[in-house]
S.K.: 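I'd like to ask some things about the structure below.
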Protein chains: 2
Amino acid sequence: MGKGKKILIVGGVAGGASCAARARRMDEQAEIIVFERGPHVSFANCGLPYYVGDVIRREQSLLVATPGLFRTRFNIQVRLRSEVTAINRSRRTITVRDHENGKEYEESYDALVLSPGAAAVRPPVEGLDLPGVYSVRTIPDSQEIRQRIEDARAGRVVIIGGGYIGLEMAENLIRRNLRVTIVELQCQLMPLADPEMVVPIHQALTKRGADIRLGQEVTRVTRGAQGLLTVHLQSGETVDADAVILAVGVRPETRLAAEAGLELGPIGGIRVDERMQTSDPHIWAVGDAVEVYHVVTGTWAPMPLAGPANCQGRIAADVICGREARFRGVQGTAVVGVLDQVLAATGPSERVLKRLGLWESPLQCEKIYLHPGHHANYYPGAEVITIKLIFSRKDGRIISAQAVGKEGVEKRIDVISMAMQMGGTVFDLEEAEVCYAPQFGSAKDPVNLAGMIAANVLRGDVEVVHAPDLTAPPADVFILDVREPFEFKRGHVEGAVHIPLGDLRRRMHELPRDREIWVYCFVGQRSYVAARALRQHGFRAKNLSGGHRSLLMWQKAAALS
Amino acid sequence: MGKGKKILIVGGVAGGASCAARARRMDEQAEIIVFERGPHVSFANCGLPYYVGDVIRREQSLLVATPGLFRTRFNIQVRLRSEVTAINRSRRTITVRDHENGKEYEESYDALVLSPGAAAVRPPVEGLDLPGVYSVRTIPDSQEIRQRIEDARAGRVVIIGGGYIGLEMAENLIRRNLRVTIVELQCQLMPLADPEMVVPIHQALTKRGADIRLGQEVTRVTRGAQGLLTVHLQSGETVDADAVILAVGVRPETRLAAEAGLELGPIGGIRVDERMQTSDPHIWAVGDAVEVYHVVTGTWAPMPLAGPANCQGRIAADVICGREARFRGVQGTAVVGVLDQVLAATGPSERVLKRLGLWESPLQCEKIYLHPGHHANYYPGAEVITIKLIFSRKDGRIISAQAVGKEGVEKRIDVISMAMQMGGTVFDLEEAEVCYAPQFGSAKDPVNLAGMIAANVLRGDVEVVHAPDLTAPPADVFILDVREPFEFKRGHVEGAVHIPLGDLRRRMHELPRDREIWVYCFVGQRSYVAARALRQHGFRAKNLSGGHRSLLMWQKAAALS
C-alpha cells in the first residue's frame with residue numbers, strides 16, 4: 001500500500017487531538033504527527049480548576065489520551081515538548097524545536113493543522129511575573145497552584161478576573177478553605193452575561209465569604225516579606241495575598257500564523273473559512289486560536305469553547321481527507337457552576353447585543369423574564385430557575401437565553417440552544433414536548449413557559465415593562481401591585497397601589513382609565529392575569545416582566561455596579 | 001358591558017383547568033363554568049404515587065388550584081361533585097347531576113369543552129372489585145392506599161401492570177419498606193420502551209427486592225382470612241398480598257361523547273381535529289380522553305401525558321375565543337424515575353415501529369447504541385447513560401430516542417425531542433452546541449456522540465450489526481474482540497478471536513480477507529476505530545453497535561422474557 005498524505009498538527013489538546021484521531025479514521029494511509037509544546041497531549045484543560053480544588057484528585061485523571069494510546073490505537077505520532085517555531089509555507093515545512101535536546105529540525109507537510117489554543121491574557125501590569133502569580137492553562141500551572149495552597153502559609157488568594165475561569169477557581173479555592181478576593185474590571189461578574197442574571201452567583205460567593213471588588217483595575221502586584229504578595233488597586237486599596245490567580249481571559253495564539261503571513265481576523269484570531277481552511281489552502285486552523293462566525297450576531301470572533309473546538313477538529317480532518325464538511329459557526333452555549341449556583345446561556349446577552357448595535361435593529365429584540373421551579377412545585381425540592389429569553393419582535397426568532405439557579409438550569413438552555421440551532425421561534429418553545437414527571441419538570445416546563453410568555457407579547461396579548469423602566473417611569477404612570485397583603489408588606493415599589501388579584505375585578509373602579517397602569521406581582525404571572533383583565537376592561541395595562549423578583553435582581557445588580 | 005359567550009368545561013384537571021384559565025385570559029366577558037365529578041379540581045395526578053410514598057407529605061400539596069382560587073383570580077365557577085351525565089347537542093345543553101343534593105339540571109353552552117380524562121382499565125378479572133384492590137387515579141384512591149399501608153398489617157403489595165404508574169408505585173412502596181410483586185402481561189417492564197432499554201430498571205427493582213413476574217396474566221383475586229388477598233396467575237402460581245394495585249393502563253373516558261354521538265377515533269378516544277374540535281362544531285375535547293395525531297407514526301391514538309393535555313387546553317381556549325391555533329400532535333416524550341434509574345424516550349420504540357409496520361418502509365429505520373458518561377469521565381461521579389437512537393436511512397431524520405441511566409438522562413431526550421420537533425436529523429445532533437463544563441457534560445456531549453455515530457453509519461463510514469444478529473450470525477462470519485486482555489477474560493462472545501486494538505495493525509495478517517468480520521469492544525468506540533482501519537485495509541468489517549455492553553443488555557432482556 002502506497003504512502004499517504006502527511007498531516008502535521010500543531011497542538012494536541014481538544015481540536016488538535018480530535019482532528020488527529022478523526023483524520024486517522026478517515027485515512028488509514030496518512031502519516032499523522034502531532035506536535036505539542038507542553039509535556040502532555042490531549043489533557044482536560046476544563047478540569048484544571050477542579051484539580052486545584054482536589055475534586056479531581058489525580059493528575060492522571062486529566063490525561064484524556066497519552067502519546068502511547070495515540071500510537072497504538074491510532075498509529076499517530078505525538079511529539080511532546082516539541083515547539084513549532086515557524087511555518088515555511090513556500091517549502092511546505094514547519095520548523096520544530098525539540099526541547100528535550102534543544103535541536104531544531106524541519107518537517108514537511110501536505111496538510112498542516114494549527115491548533116495552538118489560546119494563552120492567558122497578561123495585562124501590562126507590574127508584578128504579574130512575580131513568583132506566586134499563576135494562570136490556569138496547563139497541568140503544570142495547576143500543580144504549582146496546588147503546591148502553593150497545600151503549603152501551610154497560603155490562606156488568601158486574589159483572583160484577577162471574574163469570568164468563567166476566575167469563578168471556577170473561586171469555587172475551588174473556597175472549597176479548600178482559602179479566603180478569596182475577586183477583582184473584576186467590569187462592574188459585574190461574568191461580563192458575558194447580563195448583570196441582573198449574575199446576581200445569584202455574586203450572592204452565593206459573598207455568602208461563602210468571598211470578597212468581590214467590581215469595577216476595579218489592578219495597578220501592580222508587589223512582593224513583601226516571606227513572599228507575601230500585595231495587589232494594588234486603582235482605588236488605592238491594597239489586598240494581601242499568598243497567591244494571585246490571573247484569569248482575565250485568553251487571547252488566540254496567533255504568533256505562528258501571523259509570522260507565516262496567514263490572514264488574521266478583525267479581533268486577532270486566525271481567519272478561517274467554514275471548512276476551517278486558512279488563507280493558505282494547505283493550512284487549516286481550529287480551536288481557541290481561530291475566529292469563528294457567530295450565527296446570531298453575524299460577527300467573527302474567538303469563542304474559546306471545547307465543544308466547538310472538537311467539532312472544528314473533526315471538520316478540518318474531514319476536509320483534508322477529501323470530504324465535504326462545513327462548520328456552522330457558534331452561538332456561544334456555555335455553563336458555569338459556582339458553589340450551589342449554575343449560570344448557563346446560549347446566544348449573546350442584552351449587553352453584547354446593545355454593544356454591537358443589534359438590539360433595536362436589525363434584530364428588533366424584546367426580552368422577558370420568568371422564575372419557574374426547576375420541577376413541579378408540588379414535589380419537594382423545587383428550586384427556582386430565573387430565565388431571560390431574548391427574541392425578535394419581527395418573527396419570534398429566538399436570539400438568546402440566559403438562566404441561573406441551582407438545578408436543571410443547563411438542561412433548559414440546551415433545549416433552547418437546540419431550538420435556536422434549528423431556526424426556532426418562541427412559538428416552538430411554547431409547544432415543545434419535553435419530559436415530564438414531577439421530579440424532573442412540570443407539565444408546563446420552564447421552556448414552555450418562556451415560550452408562552454414571549455408569544456403572549458408577540459401576539460399583542462400583553463405589553464411588558466422591565467425593572468429599569470421603574471427607576472424613571474413616565475410621570476403619570478399608575479403602579480399596581482396585585483400580590484397578597486403579606487407580600488406587599490414585605491416590600492413593594494414606592495408609590496404602588498395595592499389591590500390583590502382576587503379583589504381586582506370588584507375594585508376596578510378605583511383605577512384610572514386615563515393613565516398607563518403598570519402591574520406587577522412576585523414573578524409576573526398573577527400580574528399577567530391582571531393585565532389581561534384590565535386591558536379587556538379598557539385599561540391601558542402593562543406587565544412588569546418577571547415581577548418583583550426581577551426587580552430585586554436588577555436593583556441588586558445596579559447597587560453592585 | 002354585554003354578557004359574553006358561555007363556555008362549559010367538563011373535567012377540571014390538567015387540560016380542563018388550563019383551558020378554563022386561558023379562556024378567561026383571552027375573554028374577560030365569557031361566562032366560564034367547570035364541572036368536576038370528583039371532590040378536587042386541578043390536582044396533581046402525576047404526584048399521586050409520590051403522595052403514597054410519603055415523598056409528598058400533605059394532600060394539600062397536590063391541589064394545584066382550588067375552586068376559591070378559580071373564582072377570585074379568574075372569575076371562573078367550579079362546581080365540584082357535579083357529574084355531567086348527558087350532552088344535549090340539539091339544545092346545546094348538558095345535563096348535570098349534583099352529587100351534593102342528588103338533583104339534576106341542565107346548563108346551556110355556546111362552547112363545550114370535554115376534558116373527562118381517562119379511567120383505569122379494569123380487566124374482566126374476578127376479584128378486582130374486592131376491598132384492598134386499588135387504582136391510582138384520584139386523591140381519594142391514594143388516601144385509601146396510604147391508609148392501607150400505614151395499617152400495620154400491610155407488608156406485601158402486588159402491582160398488576162409494569163408501566164409508568166406501576167413502576168412509580170413500586171418505587172414508592174419499596175421506599176415505604178413494603179414487599180412488592182409486579183405482575184406484567186408483556187415479557188418486559190415498560191412495554192412502551194424496547195426490552196433491552198428496560199433492563200437497568202428491572203435490575204434496580206430486583207436489587208431492592210421486588211419480585212417481577214413477566215408474561216403473566218392475573219386470572220383472579222380472592223380474599224381470605226383477615227382480608228388477605230391472593231392473586232392467582234395463569235401459570236397456576238399464587239401471590240399473597242395485603243393490597244393490590246391495578247395499573248394496567250388507562251382508557252379514554254368517552255361515554256359522554258359516545259352517547260352524544262360524537263365521532264370517536266379508531267382506538268376509541270374522542271376524535272378531534274388539530275383545533276381540538278370534535279365532530280360537533282360547538283364541542284371541543286382535550287387531554288387523555290382524545291386521540292391525538294402522532295407526528296412520527298402518522299397514527300391517531302390516545303397519549304395520556306400532562307404536557308400535551310395542558311397544551312391542548314390552551315389551544316381549545318384560543319380557538320373558542322376566535323383565534324387561530326393548532327395542535328401539532330405528539331411525539332410521545334416521557335420519563336419515568338424508578339429508584340436510582342431514569343428511563344426517558346421521545347418518539348416510538350423499535351417494537352412499536354415494527355408492530356406498526358413502519359420500520360423497514362416507509363421510514364427505513366436504522367438504530368445505534370452508545371453508553372457515554374453523563375458528564376466528563378475525568379470528573380468524579382460520571383454515570384453511564386445508555387442511548388438508543390433510531391433514525392431514517394433515507395435522510396437522517398431522527399425518528400426516536402430512548403435513554404436510561406442515573407443522571408442527565410431526560411436532559412438528552414429533551415434536546416433530541418426539540419431537534420425532532422424542528423425536523424432535525426442526526427447531522428443536527430452531531431453539531432449540536434450544548435453546555436459543557438466537566439460536571440454537566442462532555443466536550444462531545446452524549447447528544448453529539450449519538451449524532452456522530454449515526455452520521456458515520458449514514459455516510460457509509462461504518463456498517464453496524466446488532467446484538468440479536470450475534471445469536472445466529474452467518475456461518476462464515478469472523479468475530480473479532482478488540483478489547484484489552486483483562487476485559488476479554490471477564491467474558492466474551494463465544495468463538496470470538498481476540499486481538500486488542502493496539503495490536504491490530506501489526507496482526508492484520510491473521511484476519512481473513514474472504515469473510516465478513518464483526519468487530520466489537522466494550523461500548524463500540526474502539527471497535528469503530530478498528531472497523532475503520534480494517535475496511536481501509538480491504539477487510540469487510542462491521543461494528544457491533546454499543547459493543548459488549550449492549551450485547552449484555554440484550555441477553556439479559558432475552559433471558560427475562
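What you are looking at is a predicted structure, and each value in this text was computed from that prediction instead of being measured. We name chains A, B, ... by the order of the sequence lines, and we start the count at 1 in each one.
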S.K.: Quick check: closest heavy atoms across A:C435 and B:I413, and the distance to 0.1 Å?
M.R.: SG-CG2, 3.7 Å
S.K.: Sort B:R506 into side chain, backbone, both or neither according to what part of it lies under 4.5 angstrom from a heavy atom of chain A.
M.R.: neither
S.K.: I would like to know whether B:R73 and A:D503 meet salt bridge (Lys or Arg N to Asp or Glu O under 4.0 Å); could you show each step before the answer?
M.R.: CA-CA 8 Å; B:R73 203 167 271 188; A:D503 299 341; over 6 Å; no
S.K.: Write down the atom of A:A44, the atom of B:Y378, and the distance for their closest heavy-atom approach.
M.R.: CB-CE2, 3.2 Å
S.K.: Based on non-hydrogen pairs under 4.5 Å, which of B:A334, B:A432, B:A531 is most in contact with chain A?
M.R.: B:A432
S.K.: So which of A:R526, A:Q60, A:R314, A:R57 has the biggest tally of heavy-atom pairs under 4.5 Å with chain B?
M.R.: A:R314
S.K.: So which of B:N75, B:T333, B:I56, B:L69 has the largest heavy-atom pair count under 4.5 angstrom toward chain A?
M.R.: B:T333
S.K.: Looking only at heavy atoms and a cut-off of under 4.5 Å, which of A:A530, A:A345, A:G332, A:G424 has the most pairs with chain B?
M.R.: A:G332
S.K.: Find the one option among B:E430, B:K444, B:R71, B:M26 whose heavy-atom pairs under 4.5 Å with chain A are most numerous.
M.R.: B:M26
S.K.: Side chain from CB out, backbone as N, CA, C, O: work out which of these in B:Y528 comes under 4.5 Å of a heavy atom of chain A, or both, or neither.
M.R.: side chain
S.K.: Is the closest side-chain donor-acceptor distance between B:Y50 and A:Q439 under 3.5 Å?
M.R.: yes
S.K.: Check whether B:V342 gets within reach of chain A through its side chain, its backbone, both or neither, counting any heavy atom under 4.5 Å.
M.R.: side chain
S.K.: Under a 4.5 Å heavy-atom cut-off, does chain A meet the side chain of B:R505, its backbone, both or neither?
M.R.: side chain
S.K.: Please determine, among A:A344, A:G441, A:G337, the option with the most heavy-atom pairs under 4.5 Å with chain B.
M.R.: A:G337
S.K.: Tell me, for B:N448 versus chain A, whether the close heavy atoms (under 4.5 Å) come from the side chain, the backbone, both or neither.
M.R.: neither
S.K.: Distance-only, no hydrogens or angles: does the B:R24 side chain make a donor-acceptor pair with backbone N or O of A:A533 under 3.5 Å?
M.R.: no
S.K.: With no hydrogens and no angle check, is any side-chain donor or acceptor of B:D428 less than 3.5 Å from a backbone partner on A:M422?
M.R.: no
S.K.: Just do the salt bridge (Lys or Arg N to Asp or Glu O under 4.0 Å) check on A:R535 and B:E28 with the steps written out, would you?
M.R.: CA-CA 9 Å; A:R535 283 166 67 97; B:E28 183 67 13; over 6 Å; no
S.K.: Does the pair A:R323/B:D461 count as a salt bridge with the N-to-O cut at 4.0 Å?
M.R.: yes
S.K.: Is there a donor-acceptor pair under 3.5 Å between the side chain of A:Q421 and the backbone N or O of B:L429?
M.R.: no
S.K.: Taking every non-hydrogen pair under 4.5 Å, which of B:E168, B:K411, B:M420, B:R328 racks up the most with chain A?
M.R.: B:K411
S.K.: Can you tell me if B:S417 uses its side chain to pair, donor with acceptor, with the backbone of A:E433 under 3.5 Å?
M.R.: yes
S.K.: Just do the side chain to side chain contact (heavy atoms under 4.5 Å, CB included) check on A:Y379 and B:C46 with the steps written out, would you?
M.R.: CA-CA 10 Å; A:Y379 191 92; B:C46 299; over 6 Å; no
